[in-house]
Amino acid sequence: MSDKNVRVRFAPSPTGPLHIGGVRTALYNYLFARKQGGKMILRIEDTDQTRFVPGAEEYIIEAFNWCGIEFDEGVINGGPYGPYRQSERKDIYRDYAEELIASGIAYYAFDTPEELSSIRQQYESEKKTFIYNYEERQKLRNSLTIDEKNVADLIGKGTPYVIRFKMPEDEMVVMDDLVRGRVEVNTKVLDDKILFKSDGMPTYHLANVMDDHLMEISHVIRGEEWLPSLPLHVMLYRAYGWDEPQFAHLPLLLKPEGNGKLSKRDGDRLGFPVFPLKWTDPKTKETSRGYREDGYFPEAFINMLALLGWNPGDERELFSMDDLVEAFSIERVGRSGSKFDPEKARWFNHQYLVTKGNEELADLFEPILTGKGIAAGKEKVSIVVGMVKERANFVTDLWDQSSFFFVAPAEFDQKAVKKRWKADSYEQMIELQKVLSGIDDFSSDNIEQTVKSWIEKKEYGMGMIMNAFRLLIVGALKGPHLFDIVALIGKEDTLQRIDFGLKTIGKKEA
RNA sequence: GCACCGUUCGUCUAGCCAGGUCAGGACGCCAGGUUUUCAUCCUGGUAACACGGGUUCAAAUCCCGUACGGUGUACCA
């Protein structure tokens, strides 16, 4: 039941790092395309030269690369509908805009930005809102109020002008949206949007509609912030006599607390990234953290993002990209904005971390160990990781959970000492040390058996001994099965740690 | 201001279109169990249909209104 020629696009502006809301929009496009057996296109909408930020496009591409979102056509790998950067398509827009003027659907306007802003100010002081519409355009400087000859003169003299859409005075525009259903707007509340700017570039509205048509985009899946301009876009398609694509306007990602759209500030304030990758602003040198650098797995990041505004309709929560493709449908996208929950993001990462193989995790952990000046064999690191990964959300947590496998404790958790280091502990640990030094087969099972039978024979309390023992070996009351730890660090190290602990903690007075 | 969109546990959400289960799941939190410790894990608990009308034998579900929120209202996208 898939449409024959599904073609979707993600069309960001290179004005800075890609926000996770944008990543989610791209993800839904990608899932939809894959599910329908269609094509996914990456187009760069750089019609505003003043907002261009160097490195932004590269960032966007790298981010998708990291996430595993792939494009069939676009600025990365080209394609038959190129170029895919709007600045490189500049020449084709003007003719289309002129065509609209010829058919009376658009007109030239000579009002300068300064004139317009002063009118706006004046209206505001009278508590009115200025909109450039069917009423106002009669009083302004445009090809509707100036005769043809003078318009030609003005243009001939190089007077800057823009091209505006002549919004009908009173017409119902009926639109259909895949997630919102039928939407109706009367054109009387709409304004004469600029289609073509005085700098020779089209605005988003024109460029976007034209390119979507020229690139044969079948479904426009984009953020809800575009819904208010949908009537204009639809009217443009109709004015050109083009088939409209199907539209789907996605709900926005909201900040975790309070109200409003998720922004970089929220991330900084609440301690989580708002961007997939770390970003350094080329001008201010200000940096923003990224999911990748914060230790998230791309699979977890994608999984988390996919479930923010979409759900499969059953109770599954863990999805690989392939699973998502299989389960995705645009009809199941929600209609209301989703507050981002950093806590659940961490949970997702944990889920992926524990299912990763120990060798793979060891490889990821290795650089951290090296940074601490530790050169442990891969085999040992794998074993250690296998023992502690349940306790970690991120690869970086692994060190806190396993440092004692690699370095002997230099100090001891004072609260634990207070709680578990009793008057008898000192003597008991000396005894234990003797028992341990007598063991030849220093395997976990054998040590356990030997120590336990010693405890039984002496009628010592199990908890009493084991907690004190753990304190000496680990430095705190945490970590995996203690006999596994001592077996791994070996007999010599174990005995040394007991020596050091005994010396450092000392004997507790009764 | 105006326009459009939205509103189910603290959060993500199922259920709504085709009215009729104690409104289900997950995260978080709390309690208990398991464990030599921490974590994992297991069990249980916590907590929601924004409000007001209407239609109906019956409304989270359909209709109207209100409130609240979001977005848009740029020669930005």
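Throughout, protein chains are lettered first and strands after them, A, B, ... in sequence-line order, and every chain is numbered starting at 1. Predicted model, so just to flag it, every value in this text is computed and none were measured.
For the pair A:S338 and B:rU13, the criterion of a side-chain N or O lying under 4.0 Å from OP1 or OP2 is met. The shortest distance between the side-chain N/O atoms of A:N311 and the OP1/OP2 oxygens of B:rU13 is not below 4.0 Å. Note on A:K197: a side-chain N or O is less than 4.0 Å away from OP1 or OP2 of B:rA77.
Here the P atom of nucleotide B:rU11 and the CZ atom of A:F272 are 15 Å apart, to the nearest Å. Counting to the nearest Å, the P atom of B:rA74 and the CD1 atom of A:I119 are 13 Å from each other. With rounding to whole Å, A:L253 atom CG is found 13 Å from B:rU11 atom C1'.
Summarising the geometry of A:L308 relative to A:Y28, their closest heavy-atom pair is O-OH, 3.3 Å, with the distance given to 0.1 Å.
In this structure, A:K457 is not positioned above the aromatic face of A:W454 in the sense of NZ or CZ being under 6.0 Å from the six-membered ring centre and within 45° of the axis. Both tests do not hold together for A:R222 against A:F247: distance to the six-membered ring centre under 6.0 Å, angle to the ring axis within 45°.
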Q: Go along nucleotides 18-28 of chain B 5' to 3' and tag each nucleotide: B for a protein heavy atom under 4.0 Å from its base, S when only backbone or sugar atoms are that close, - otherwise.
A: ------SSBSS

Q: Determine, for nucleotides 3-9 of chain B in 5'-to-3' order, which nucleotides have protein heavy atoms under 4.0 Å from the base (write B), from only the sugar-phosphate (write S), or from neither (write -).
A: SSSSS--

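Side-chain proximity of A:M466 to the nucleotides B:rU71, B:rU36, B:rG15 is greatest for B:rU36.
Between A:H233 and A:W226, the ring planes lie tilted relative to each other; the angle falls in the 30° to 60° range.
No donor-acceptor contact under 3.5 Å links the side chain of A:H481 to the base of B:rU35.
Under the 3.5 Å distance criterion, the side-chain polar atoms of A:D46 are matched with a main-chain donor or acceptor of A:S87.
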